[in-house]
Amino acid sequence: MKKKVAGSSSTERKRGSGVKMVYDLLRDEILDLVLPPGSPIDEVQLAERFKMSRTPIREALVRLAGEGLIDTLPNRSTMVSSIDFLNMSPFFDALVLMYRVTTRLAAEHHRQQDLEAIHARQAEFAEAVQAQDALAMIATNAAFHSAIAEAGRNPYFAGLFNRLLDEGRRFLRLYYQSYDDRLPQRFVDEHEDMINAIVARDADLAERLAKVHAEQIVEQIRKLLVRDRRLDITL
């Protein structure tokens, strides 16, 4: 029978915490656009930066690659993945639809504990807006809409919506940058209006408010990314 090597479990825990630290920091830097699309990712430099071996670095990069945040090229070099602008329109179509569907279903099927979770996530979002903390705004906004999706009692819609919210975090970072990370109070108020419609079980109003809320986000991002470059020449 093989003896368990003393300290091996401690080593595994240390490596696991190292992987999580590298993963969390790099993920935030990618989503916050501190590491913009196309930035090279070098394992050796990261090992020096974090003062650890390349094994936990490599494990963290595998997780990031699994989320589509980094790409490994044929020459084995690694870089931050590009934002998929080609599929921007179908992505936004799906996102707006999920805002509408999940908010409507929450109005129809929520339970009391769902409302408590939604109110708690809204308080966290309002706090992040007040603090002008962009990453916290992105995370708490996603958590708020995820709580609404869970209240709709359809795990398939909830799963798809969570995936879309996660994939869209860099788009959302551009969106917040357009306001210099100072989101107007009306965005907090729009959340409150949706909550009130959900509480009242007014499914039509809940869906309508969610649609307006989502579409103004999409429109703002489109304005940032698609500039009108037509020439206005008098002939």
Side-chain angles (χ1 to χ4, degrees), residues 1-85 87 91 94-95 98 117 120-121 123-125 127-128 131-147 149-150 155-156 158-177 181:
M1 185 174 171
K2 225 175 188 178
K3 275 189 178 180
K4 191 173 180 180
V5 179
S8 63
S9 61
S10 173
T11 303
E12 285 297 318
R13 280 197 301 273
K14 274 186 173 179
R15 191 177 78 181
S17 63
V19 172
K20 186 177 186 313
M21 181 189 73
V22 174
Y23 165 81
D24 287 342
L25 284 171
L26 289 180
R27 190 171 193 270
D28 279 351
E29 288 179 357
I30 292 170
L31 294 173
D32 198 29
L33 301 180
V34 172
L35 288 174
S39 298
I41 302 292
D42 187 281
E43 284 184 22
V44 175
Q45 289 180 358
L46 289 173
E48 291 173 359
R49 174 186 170 186
F50 293 109
K51 298 191 170 33
M52 59 179 65
S53 72
R54 291 172 64 180
T55 300
I57 300 292
R58 197 171 292 121
E59 289 181 24
L61 295 181
V62 167
R63 287 183 64 184
L64 292 168
E67 294 183 16
L69 292 176
I70 63 172
D71 293 322
T72 301
L73 304 179
N75 63 2
R76 295 193 177 182
S77 63
T78 306
M79 59 182 278
V80 176
S81 63
S82 60
I83 297 174
D84 190 0
F85 294 115
N87 287 314
F91 170 81
L95 185 68
M98 284 301 99
R121 301 296 82 78
E124 291 164 359
F125 175 71
E127 187 178 329
Q132 297 174 15
D133 184 335
L135 281 181
M137 282 189 273
I138 292 170
T140 55
N141 177 73
F144 170 77
H145 289 290
S146 180
E150 292 295 330
Y156 297 99
L160 174 57
F161 194 28
N162 284 332
R163 197 183 101 202
L164 291 170
L165 288 168
D166 200 48
E167 288 181 10
R169 284 183 67 176
R170 284 191 286 180
F171 282 128
L172 209 53
R173 186 68 192 95
L174 292 171
Y175 173 70
Y176 288 156
Q177 281 181 348
D181 294 340

Under a 4.5 Å cut-off applied to non-hydrogen side-chain atoms, are Leu172 and Asn141 in contact?
-> yes
From Tyr176 atom OH to Asp133 atom CG, the distance as rounded to the nearest 0.5 Å = 10.5 Å
What is the minimum heavy-atom distance between Met52 and Met21, and which atoms define it?
-> CE-CE, 3.4 Å
Kindly write out the residues that satisfy salt bridge (Lys or Arg N to Asp or Glu O under 4.0 Å) with Glu150, not counting sequence neighbours, or none if the list is empty.
-> none
To the nearest 0.5 Å, atom CD1 of Ile41 lies from atom CD1 of Ile30 at 5.5 Å
Between atom CD1 of Ile57 and atom CD of Gln45, what is the distance when rounded to the nearest 0.5 Å?
-> 11.5 Å
Charged N-O contact under 4.0 Å between Arg173 and Asp181 | yes
Rounded to the nearest 0.5 Å, what separation is found between the CG atom of Asp166 and the CG atom of Leu69?
-> 7.5 Å
Contact check, side chains of Gln177 and Leu33, non-hydrogen atoms, under 4.5 Å = yes
Could you please spell out the steps behind the side chain to side chain contact (heavy atoms under 4.5 Å, CB included) verdict for Ile70 and Leu26?
-> CA-CA 10 Å; Ile70 63 172; Leu26 289 180; over 6 Å; no
Worked check of side chain to side chain contact (heavy atoms under 4.5 Å, CB included) between Thr72 and Leu61 = CA-CA 10 Å; Thr72 301; Leu61 295 181; over 6 Å; no
Could you tell me whether the side chain of Val80 reaches within less than 4.5 Å of the side chain of Arg170, counting heavy atoms only?
-> yes
Does the side chain to side chain contact (heavy atoms under 4.5 Å, CB included) test come out yes or no for Thr140 and Arg121, once each step is laid out?
-> CA-CA 6 Å; Thr140 55; Arg121 301 296 82 78; over 6 Å; no
With a 4.5 Å limit on heavy-atom distance, are the side chains of Arg169 and Arg27 in contact?
-> yes
Run the side chain to side chain contact (heavy atoms under 4.5 Å, CB included) check on Phe161 and Leu165 step by step: do they pass?
-> CA-CA 6 Å; Phe161 194 28; Leu165 288 168; 3.9 Å; yes
Please check if atom CD in Glu127 has more than 12 non-hydrogen atoms from other residues, nucleotides or ligands closer than 6.0 Å.
-> no
Find the distance between CE (Met137) and CD (Glu124) and round it off to the nearest 0.5 Å.
-> 14.5 Å
Taking the side chain from Asp32 and the backbone from Val34, do they hold a donor-acceptor pair closer than 3.5 Å?
-> no
Pair Ser81-Asp71, side-chain donor/acceptor within less than 3.5 Å | no
Can you list the residues that meet the ring pair (Phe, Tyr, Trp, His ring centres under 6.0 Å) rule with Phe91, with sequence neighbours excluded?
-> Phe171
Closest heavy-atom pair, Pro37 versus Ser82, reported as atoms and distance to 0.1 Å, is CB-CA, 3.8 Å
Test item: Ser146 side-chain N/O and Ala142 main-chain N/O as donor-acceptor pair under 3.5 Å | no
Check ion pair Arg49-Asp42 (N to O, under 4.0 angstrom) = no
